A.B. asks: 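There's a structure below that I have some questions on.
These numbers come from the heavy atoms of this one structure, side chains and all, not from hydrogens, waters or symmetry mates. Note that this is a predicted model, so its numbers are computed, not measured.
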Amino acid sequence: MAPPFIFPPKIEDLERVEEDEDRLCALSPPDITSLRSSHLEEFVKGLSFDLSDKELFCVEDQDVFDRVYSLVRNFSALTPSCKFNLVESLRSNLSVLIPNVDSLSRAPQDDHDNDQEMSPILDRIVSHRNALKIYTFFLLHIVLVEQSATQDANNSSKMTMSNRKKNSGNLWNWEPQRARIVGLIANSLEINLALLFGSSNLDENYLGFVVKCAFSMFENAALLKDSDTKDALCRIIGTCATKYHYLTQSCASILHLVHKYDFVVVHLAEAIALAEEKYADGSLAVSLIREVGRANVKDYVRDTVGAENIGRFLVELADRVPKLMSTNIGILVPHFGGESYKIRSALVGLFGKLIAKAFKDIEGDVSSKSVRLRSKQAMLEILLERCRDASAYARSRVLQVWGELCEEHAISIGLWNEVAMIAAGRLEDKSSIVRKSALNLLIMMLQHNPFGPLLRVASFEATLEKYKELLSEQEPSDGSILNEIQSNNNTIEANSEIDGTTMEALAMEKPDSATDSCLPYAGDGDIQRDSSVLNVGNLEHARALVASLEAGLRFSKCLSETMPILVQLMASSSVSDVESTIILLMRCRQFQIDGSEASLRKMLPLVFSQDKSVYEAVERAFIEIYIRKSSVETAKNLLNLFLDSSIGDLAALEFIVASLVSKGDISTSVISALWDFFSFNVGGVTAAQSSGALSILCMAAKSSPRILGSHLLDIIDIGFGRWAKEEPLLARAACIALQRLSKEDKEKLVLGSGSRVFGILKSLISGFWLPENIWYAAADKAIGALYYIHPTPEIFATDVVKSSFSSIFDSNEFNEKSNGVENVNTNIYFSVQVGKLSRYVFVVSHVALNQLVYIESCVREVRRQKARKGKLVADQNTVQSDCTKEENSINSELGLAASEDAKLDALAGIAEKEIVSASSVEKNLLGHCAPFVSKLCRNFGLMKKHPELQASAMLALCRFMIIDADFCESNLQLLFTVVDSAQSETVRSNCTIALGDLAVRFPNLLEPWTENMYARLRDSSPSVRKNAVLVLSHLILNDMMKVKGYINEMAILIEDEDERISSLAKLFFHELSKKGSNPIYNLLPDILGRLSNQNLMKEVFCNIMQFLISSIKKDKQMEALVEKLCHRFSGVTDAKQWEYISYCLSQLSFTEKGMKRLMESFKIYQHVLCEDSVMENFKNIIGKGKKFTKPELKSCIEEFEEKLNAFHAEKKEQETTARNAQLHQQKVTSLEGLVTNSEDTEDAEAHFSQDGIASTVIDPSLEETAQVLNDKSRRSSVGSDENSSVLSELTDSEIDSTEVRQPEILKTGKLKALKLNGVVKDGKGTVTLKSRNKSKQRQQ
């Protein structure tokens, strides 16, 4: 019989023969490295024949063993055919050996006393055991060798195509062989190996080798992609650890792999779950849970990757073996107190899996059920508590888990509203990932809510009232009904379980929770529940139904109360916030949550977002809400949206309608339906709807101008007809439609109905048939339409201005009033109505502005025609002669083309100058009006009396200033005077907006007035401040104005009381930080200095600087700011500024370089450390530095902290000493003044006698007292201490009442003088201060 086989550490160890060891070794292995390939193949074939021809355990024969060992040791040197033959021989023998093990159990065992019969059986068992070990060892070694060779091949450089083709024939298909080998090893472990090894505890050497090889293969990610190999490895690990109790080593190896490799997490969890299911033994899972629970919580802080992998592993285990995890979850709960947020997040996910899966089928007696229910309730309470975790990632994960539970219908009605309130509260979380998770949770709760597809508060209240009445009828009216209802509701919430009868009653009352795939949108008039009250079966059902309705009502109110927060989130800078908010509002609208419709309209301005995903989200929501299959319904939706929109919403609506028309989402049938509404072809259409339909058609015409060409006559007849008097906005919409006509339609209109249209426009501008409040907007569009469609608009505009002048200054009235009066013009101006004069200056200025635009358009058209003509000539003369080329080169050298452009620019400048011609002698029509408007605006008394005239006149003045530079320069002082002193905030707002236009057109003229422009940010009116922010933001962000030293005025508005202004200021700095290398970095020190000198509240200052510093992201800029701010300490002496600078330092994000710079600059700011507030900010900085620094720098920071504390204590001590010295000096000075005051005694005696005090006794030697006071060298501190002790024993009452015996009575005046100076002298000649005596008495 062969000696036993023992697994060696390395295969080479089989050649080592020890005298005292009885084991199978390779005694004389043949050297196959020197064999040729043909001889090697013959050698392998001979071995394969022996293995197949002889018995299965012939491998333990020395000769066969040596040959197998030699081949396996040099396996990588074998040819593919030799490898295949060797592997197949070993594998086939092992596959036949495994079933033969069971045959050993069927051997005759009735005569156990016969040793001769038992001996062959025992030898056979030993041979089987040896053969099993040998086959297992050699096969697993081959697997490891091939795995190593594959990894080396993958890590080596890529072969060329020629090498690949050359070596392609030498490759052999190893993956199927590997899967069969590993599967065979797994099968060998699953049989009854106790027959071979004598007990269930197998040879430690055998199990250790197999498990080691299995875990080694688990480290190869590519190998685990083969499902057969992976399954076999999982079986090996599970069987060894569970069946053969190889727990300790297996647990250590599993945790090592989980810590190191993230790709093994799922597969190892699967192996553990498979072992638990197959052997009904969860010891492996329990051991792993205990190992994780016993781990030090601080270890996971250092090993973040390992913490994340461990967390995933626990969650995967909970998903596969939830009941086993639920019974051992208490071991892991202490990790909630650890610092690793990844472990806390994983435990939250673990709890979610357990709640969803571990408590579905509760079996057993009542006590076990109650225990499991209490465990579930405890987990739910922990999840509610973890919503307030310090880590944003953990809070986000908790909300995600609640969403998963909601999807699994694992949240009871009792907890539903509590979870909803938590989600609503997390909408205002400072972290965007938490807000996103909260939004997704609310979306999920809406989709899976148990209360029905419609959640209007009014419907719930009405239905709840009816069922309360029904319940009161069923119960005796003893006053305890409501209390019982409340107690029943509390019971439901306490148990956190939904009773089956409750759900059945709810199902009878309403449909199940709807998903977003099947949610019909009902109108506002729909009723959520049947008007008739459903007859509930019994009293308990009625109570449960009432409690459920109350819960549904609270849920509906909770969602409706979040609408203001959702509107704010749509303005968030985070794209995820905006997208998720839009989706949530869409779901709220489907469920008819109160306020969702109005909130959704606030999303329209988001179409201007630069982020494509935000625009696409808005577009999808718009299509889903307003675009229907029915064209008439779509037209109605668009009309209703238009009529309810604000001015800002209309601009967004125009943009999105034009986009949808170009994409075809708004079809031609919808356009036809809108024309029907405009033409009153639909019954019940109002004039407002007609105007709205035409406005929407104008929006659509922006991308497709031909839309308006088919209804030109309708636009003229209806837009300017009798309906325009009923709906004034109709005329304005018609004017806009005329401006949106295509070039062909415009020519057709001028030829067909030109004179009629021009006459209508002229009457609209100069007539008075439109009301005052709409005339300005209509006249604005009418003048624009006139300049767009008229072939010679400047001529017709002259007639319009004259007609407007004539309609305002009536000639007949003027002639009657001017008889016998010398100054006719004075009477004219005094006789004009204010409203008419306002209209006139508006018309004149707007015509002038449109004339400027018309000149610029003509210049562009000339340039365009010239470029088109030049391109045409170039195409015709593609092949030019040398003479032509030479001529063109000469022209280019002489600059003839440039001179033509210069002539064109000069002509355009002359034409623009002639509009106002303020400096020319011969002024045109508009030129005469400009000085008049200027004089009118300078009449401050008249302007103050008529604010509406001032608004129109100042607007006209600004337009004239925009046209002409000379006129602008001469009236800038007037403009800034008005914008600063006008009482009307409308005038100040208009002038502020005009300043922005002037700064764009004449930047050099406005540059000296930059400070005055920034002064508008301090205006008392929120409207003016808002416009000032918008104007300055536009100028600065578009590089039309340099950021001067007044940017602190904009920074102050970050904390403006008006939320809209504050948001605009924050948006400005947010956009400014994106420009170049972040200008805020350079501006921050200047802003800090200026804000420190202003009288701002500390909280306001801190909020402003915190926001500005948060916009700086680059580490280099942060490091440079550390140095800059430290140097500012040396330039200021105010303690308040020290505190502000140190606060800004504490808000910086410190890197290692930043901390080093801070420590190197200690001498610069050491003098400010005496202030407690400054020291507190430095402590915050040190606290930050300790969190991220490496150990070597952390020790430096600790030394720096000790240095700061010591210096602070020293400074405080010096300050205290200086203060005490100053107080002592003040005392000495007051005592010296006592001598001077005592010399003047005569007046004091008279005053003393008048007071009637004449019997007080003191020491007569006042001169001695003076000598004592003046002789400072002989007065020591001990004497002053004795004086203080004497004084502390004498109170005021004792001074007045104690009888002091003295040999001589002084004159009363001396005592009065002493008392006036606060001095009391006792019988021993001791002088003390009375005020100090009183303070001592108070202390006693």
A.B. asks: Starting at CG of Asp997, measure out to CD1 of Ile993 and round the result to the nearest 0.5 Å.
C.D. replies: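 With rounding to 0.5 Å, CG (Asp997) is 8.5 Å from CD1 (Ile993).
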A.B. asks: Ser766: what forms a side chain to side chain contact (heavy atoms under 4.5 Å, CB included) with it, not counting sequence neighbours?
C.D. replies: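 Lys762, Ser803, Ser804, Ser807.
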A.B. asks: Using a 6.0 Å cut-off, check whether atom CZ of Arg863 has over 12 heavy atoms from anything other than its own residue.
C.D. replies: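 Enclosed: over 12 neighbouring heavy atoms sit under 6.0 Å from CZ of Arg863.
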A.B. asks: Any sub-3.5 Å donor-acceptor pair from Asp980's side-chain atoms to Phe976's backbone N or O?
C.D. replies: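 Pair absent, no side-chain N/O of Asp980 close to backbone of Phe976.
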A.B. asks: Between Met1040 and His1034, is any pair of side-chain heavy atoms under 4.5 Å apart?
C.D. replies: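 Yes, close enough: below the 4.5 Å cut-off.
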A.B. asks: Name all pairs fulfilling the side-chain hydrogen bond (donor to acceptor under 3.5 Å, both in side chains) condition that reach into residues 931-940, sequence neighbours left out, sorted by first residue then second.
C.D. replies: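 side-chain hydrogen bond (donor to acceptor under 3.5 Å, both in side chains) check on residues 931-940 returns Ser934-Arg938, Ser934-Asn971, Arg938-Asn971.
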A.B. asks: Between the side chain of Ser704 and the main-chain N/O of Ala701, is any donor-acceptor distance below 3.5 Å?
C.D. replies: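 Not a single qualifying donor-acceptor pair exists.
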A.B. asks: Do any N or O atoms from the side chain of Gln689 and from the backbone of Phe677 form a donor-acceptor pair under 3.5 angstrom?
C.D. replies: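 Absent.
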A.B. asks: Rounded to the nearest 0.5 Å, how far does SG of Cys958 lie from CG of Leu995?
C.D. replies: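 SG of Cys958 is found 7.0 Å from CG of Leu995.
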A.B. asks: Tell me whether Glu654 is salt-bridged to Arg740, with the criterion being a basic N under 4.0 Å from an acidic carboxylate O.
C.D. replies: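 Answer for the salt bridge query: yes.
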A.B. asks: Taking all non-hydrogen atoms of both residues into account, name the closest pair between Val979 and Cys991 and its distance.
C.D. replies: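 In this case the closest contact between Val979 and Cys991 is CG2-CB, 3.7 Å.
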A.B. asks: List the atom of Ile765, the atom of Ala782, and the distance in Å for their closest heavy-atom pair.
C.D. replies: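 Closest heavy-atom pair between Ile765 and Ala782: CG1-CB, 3.9 Å.
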A.B. asks: I want to check something: taking the side chain as every heavy atom from C-beta on, are Cys937 and Leu974 in contact at a cut-off of under 4.5 Å?
C.D. replies: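 When only atoms from C-beta onward are counted, Leu974 and Cys937 do touch, with a gap below 4.5 Å.
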A.B. asks: Which atom names give the shortest non-hydrogen contact between Trp1009 and Leu972, and what distance separates them?
C.D. replies: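 In terms of heavy atoms, the two residues are closest at NE1-CD1, 3.6 Å.
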A.B. asks: When rounded to the nearest 0.5 angstrom, what is the spacing between CD in Gln851 and CD1 in Ile783?
C.D. replies: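 Answer for the CD-CD1 pair, Gln851 versus Ile783, is 12.0 Å.
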A.B. asks: Does Arg839 use its side chain to pair, donor to acceptor, with the backbone of Gly767 at less than 3.5 Å?
C.D. replies: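 Judged by distance alone, yes, a pair lies under 3.5 Å.
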A.B. asks: Give, for atom CD1 of Ile671 and atom CD1 of Ile666, the distance between the pair rounded to the nearest 0.5 Å.
C.D. replies: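 So the gap between those two atoms works out to 6.5 Å.
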A.B. asks: Taking all atoms of both residues into account, what is the closest heavy-atom pair of Val1031 and Gly996, and its distance?
C.D. replies: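 Heavy atoms of Val1031 and Gly996 come nearest at CG1-CA, 3.5 Å.
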A.B. asks: In plain terms, say whether Asp799 and Lys802 are close enough for a salt bridge, that is, a side-chain N and a carboxylate O under 4.0 Å apart.
C.D. replies: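 So Asp799 does not pair with Lys802 through a salt bridge.
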A.B. asks: By ring-ring contact (aromatic ring centres under 6.0 Å, His included), which residues pair with Tyr1014, not counting sequence neighbours?
C.D. replies: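 Result, ring-ring contact (aromatic ring centres under 6.0 Å, His included) vs Tyr1014: Tyr1046.
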A.B. asks: Treating Ser679 as the side-chain partner and Asn681 as the backbone partner, does any N or O pair qualify as donor plus acceptor under 3.5 Å?
C.D. replies: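 Checking the backbone N and O of Asn681 against the side chain of Ser679, no donor-acceptor pair under 3.5 Å is found.
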A.B. asks: Return the NZ to CD distance between Lys944 and Gln983, rounded to the nearest 0.5 Å.
C.D. replies: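 The distance works out to 5.0 Å.
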A.B. asks: Say whether, by atom type as modelled, one donor and one acceptor occur between the side chain of Asp780 and the main chain of Tyr776 under 3.5 angstrom.
C.D. replies: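 Looks like no, no N/O pair under 3.5 Å.
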A.B. asks: Could you measure the distance from the CG atom of Leu697 to the CG atom of Leu708? Nearest 0.5 Å is fine.
C.D. replies: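 Atom-to-atom, Leu697:CG and Leu708:CG are 6.5 Å apart.
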A.B. asks: Taking the side chain as C-beta and beyond, is there a heavy-atom pair between Gln950 and Thr986 under 4.5 Å?
C.D. replies: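 With C-beta onward as the side chain, the pair stays apart.
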A.B. asks: Of the non-hydrogen atoms in Phe940 and Thr977, which two are nearest, and what is the gap between them?
C.D. replies: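 That would be CZ-CG2, 4.5 Å.
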A.B. asks: If you apply the rule side-chain contact (heavy atoms from CB on, under 4.5 Å), what do you find for Ile718 with Ser690, and how did you get there?
C.D. replies: CA-CA 9 Å; Ile718 300 175; Ser690 176; 4.2 Å; yes
A.B. asks: Kindly say whether Val834 contributes a backbone atom to a donor-acceptor pair with the side chain of Ser838 at under 3.5 angstrom?
C.D. replies: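 Between the backbone of Val834 and the side chain of Ser838 there is a qualifying donor-acceptor contact (under 3.5 Å).
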A.B. asks: Is any NZ, NE, NH1 or NH2 atom of the basic residue among Arg601 and Asp649 found under 4.0 Å from an Asp or Glu carboxylate oxygen of the other?
C.D. replies: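 No salt bridge links Arg601 with Asp649.
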A.B. asks: For Ser952 and Leu949, indicate whether the former's side chain and the latter's backbone hold a donor-acceptor pair under 3.5 Å.
C.D. replies: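 No, because the side chain of Ser952 does not come within donor-acceptor range (under 3.5 Å) of the backbone of Leu949.
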A.B. asks: Donor-acceptor check, side chain of Arg959 to backbone of Leu849, threshold 3.5 angstrom: yes or no?
C.D. replies: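 Looks like no, no N/O pair under 3.5 Å.
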A.B. asks: I'd like to know whether Arg756 forms a salt bridge (Lys or Arg N to Asp or Glu O under 4.0 Å) with Asp717, so could you lay out the CA-CA distance, the side-chain angles of the two residues, the decisive distance to 0.1 Å, and finally the verdict.
C.D. replies: CA-CA 11 Å; Arg756 180 189 173 194; Asp717 294 338; 2.5 Å; yes
A.B. asks: Would you please classify the geometry between the Phe842 ring and the His846 ring as parallel, tilted or perpendicular, with 30° and 60° separating the classes?
C.D. replies: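 The rings of His846 and Phe842 lie parallel, inter-plane angle below 30°.
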A.B. asks: Do Tyr788 and Leu738 pass the side-chain contact (heavy atoms from CB on, under 4.5 Å) test, and can you show the C-alpha distance, the side-chain angles, and the key distance before you say yes or no?
C.D. replies: CA-CA 8 Å; Tyr788 178 74; Leu738 294 179; 6.0 Å; no
A.B. asks: Closer than 4.0 angstrom, basic N to acidic O: yes or no for Glu985 and Arg988?
C.D. replies: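 No, no charged N to carboxylate O under 4.0 Å.
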A.B. asks: Do other residues, nucleotides or ligands put more than 12 heavy atoms under 6.0 Å from the NZ atom of Lys746?
C.D. replies: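 Counting other residues, nucleotides and ligands, NZ of Lys746 exceeds 12 neighbours.
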A.B. asks: Kindly indicate whether the side chain of Val661, heavy atoms from C-beta on, has any atom under 4.5 Å from the side chain of Ile707.
C.D. replies: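 Yes, their side chains come closer than 4.5 Å.
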A.B. asks: Any side-chain heavy atom of Phe642 within less than 4.5 Å of one from Met699?
C.D. replies: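 Result yes, sub-4.5 Å side-chain heavy-atom pair found.
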A.B. asks: For atom CD of Glu969, decide whether the heavy atoms of other residues, nucleotides or ligands shown that lie under 6.0 angstrom number more than 12.
C.D. replies: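 Check fails, neighbour count at 12 or below.
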A.B. asks: Would you say Phe805 and Val844 make side-chain contact, with heavy atoms under 4.5 Å?
C.D. replies: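 A side-chain contact is absent here, since even the closest heavy-atom pair is not under 4.5 Å.
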A.B. asks: Who pairs with Phe720 by ring-ring contact (aromatic ring centres under 6.0 Å, His included), at least two apart in sequence or on another chain?
C.D. replies: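 Not a single residue meets the ring-ring contact (aromatic ring centres under 6.0 Å, His included) criterion with Phe720.
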A.B. asks: In terms of side-chain heavy atoms, does Ser857 have a donor or acceptor partner in Tyr787 at a distance below 3.5 Å?
C.D. replies: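 Side chains of Ser857 and Tyr787: no pair found under 3.5 Å.
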A.B. asks: Is any side-chain heavy atom of Met1013 less than 4.5 Å from a side-chain heavy atom of Met1041?
C.D. replies: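 Yes, their side chains come closer than 4.5 Å.
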A.B. asks: Has Glu861 got more than 12 heavy atoms of other residues, nucleotides or ligands less than 6.0 Å from its CD?
C.D. replies: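 Yes - once you tally the heavy atoms of other residues, nucleotides and ligands closer than 6.0 Å, there are more than 12.
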A.B. asks: Any side-chain heavy atom of Glu794 sitting closer than 4.5 Å to one from Thr798?
C.D. replies: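 Of all side-chain heavy-atom pairs linking Thr798 with Glu794, none is under 4.5 Å.
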A.B. asks: My understanding is that only residues two or more places apart in sequence, or in another chain, count here; which of them pass ring-ring contact (aromatic ring centres under 6.0 Å, His included) with Phe1068?
C.D. replies: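 In terms of ring-ring contact (aromatic ring centres under 6.0 Å, His included), with neighbours along the sequence ignored, Phe1068 is linked to no residue.
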A.B. asks: For a salt bridge (Lys or Arg N to Asp or Glu O under 4.0 Å) check, start with the C-alpha distance between Asp1058 and Arg1025, then their side-chain angles and the critical distance, and finish with the verdict.
C.D. replies: CA-CA 10 Å; Asp1058 190 297; Arg1025 294 201 304 274; 5.6 Å; no
A.B. asks: I'd like to know whether the aromatic ring centres of Phe932 and His928 sit less than 6.0 Å apart in this structure.
C.D. replies: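 Not close enough - the centres of the two rings lie 6.0 Å or further apart.
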A.B. asks: Applying ring-ring contact (aromatic ring centres under 6.0 Å, His included), can you list everything that pairs with Phe758, at least two apart in sequence or on another chain?
C.D. replies: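 Expected list: His790, Phe796.
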A.B. asks: Minimum heavy-atom separation for Gly719 and Ala724, please, with both atom names.
C.D. replies: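 Shortest heavy-atom separation between Gly719 and Ala724 comes out as O-CB, 3.3 Å.
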A.B. asks: Taking Leu749's backbone N and O only, do any of them form a donor-acceptor pair with Ser753's side chain (distance below 3.5 Å, no angle check)?
C.D. replies: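 A pair under 3.5 Å: no.
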A.B. asks: Apply side-chain contact (heavy atoms from CB on, under 4.5 Å) to Asn990 and Met954, showing your working.
C.D. replies: CA-CA 8 Å; Asn990 291 342; Met954 287 304 302; over 6 Å; no
A.B. asks: Mind running side-chain contact (heavy atoms from CB on, under 4.5 Å) on Met943 and Leu936 for me, showing each step along the way?
C.D. replies: CA-CA 8 Å; Met943 296 295 100; Leu936 182 63; 3.9 Å; yes
